[in-house]
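Some notes on the structure that comes next.
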Amino acid sequence: MSFRPLHDRVLVRRVTAEEKTAGGIIIPDTAKEKPQEGEIVAVGSGTLNDKGELRPLDVKAGDRILFGKWSGTEVKLNGEELLIMKESDIMGILEGAAASKKAA
């Protein structure tokens, strides 16, 4: 099944949190906070401006983003837990070294 968000909504996959602290202590699942970082899976077409023209979103699929702790609606698609949120819930895009360091 494929999913395409509408208008100014985006589909986000949370980035998994670290399993250990810097000191080597393993964090149990019940003590972990949900990460506020994610990767955009799909984006909507955009919003209409006052002139009726389509304004595309500033983010695209594959971007790594930061979002608010309580942002979005959790959904389960193809057995995977994802978030659907509006573009306005996104605080920013992680670029360059920060994004590649987290991926490594």
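Remember, predicted model here, so these are calculated numbers, not experimental data.
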So, taking the atom named [atom1] in [X] and the one named [atom2] in [Y], what distance separates them when rounded to the nearest 0.5 Å?
X     : Y     : atom1 : atom2 : result
Met91 : Leu66 : CE    : CG    : 6.0 Å
Ile65 : Glu37 : CD1   : CD    : 9.0 Å
Ser45 : Arg9  : OG    : CZ    : 11.0 Å
Glu53 : Arg55 : CD    : CZ    : 12.0 Å
Leu83 : Phe67 : CG    : CZ    : 5.0 Å
Asp58 : Ile90 : CG    : CD1   : 9.0 Å

With sequence neighbours excluded, tell me which residues meet side chain to side chain donor-acceptor pair (under 3.5 Å) with Glu39.
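Partners of Glu39 by the side chain to side chain donor-acceptor pair (under 3.5 Å) criterion come out as none, since no residue qualifies.
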
Whichever hydrophobic residues join Leu48 through chains of side-chain contacts under 4.5 Å:
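Noted: Leu48 shares its cluster with Leu54.
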
So which atom in [X] and which in [Y] form the shortest heavy-atom distance, rounded to 0.1 Å?
X     : Y     : answer
Met85 : Val12 : CE-CG2, 4.2 Å
Val59 : Glu87 : N-OE2, 3.9 Å
Lys69 : Gln36 : N-NE2, 3.1 Å

Trace of the side-chain contact (heavy atoms from CB on, under 4.5 Å) decision for Ile84 with Phe3:
CA-CA 11 Å; Ile84 298 174; Phe3 179 83; 3.6 Å; yes

Okay, side chain of Asn49, backbone of Lys51: is any donor-acceptor separation there less than 3.5 Å?
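Checking the backbone N and O of Lys51 against the side chain of Asn49, a donor-acceptor pair under 3.5 Å is found.
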
Heavy-atom side-chain proximity of Val10 to Asp63 below 4.5 angstrom:
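Answer no - side chains too far apart.
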
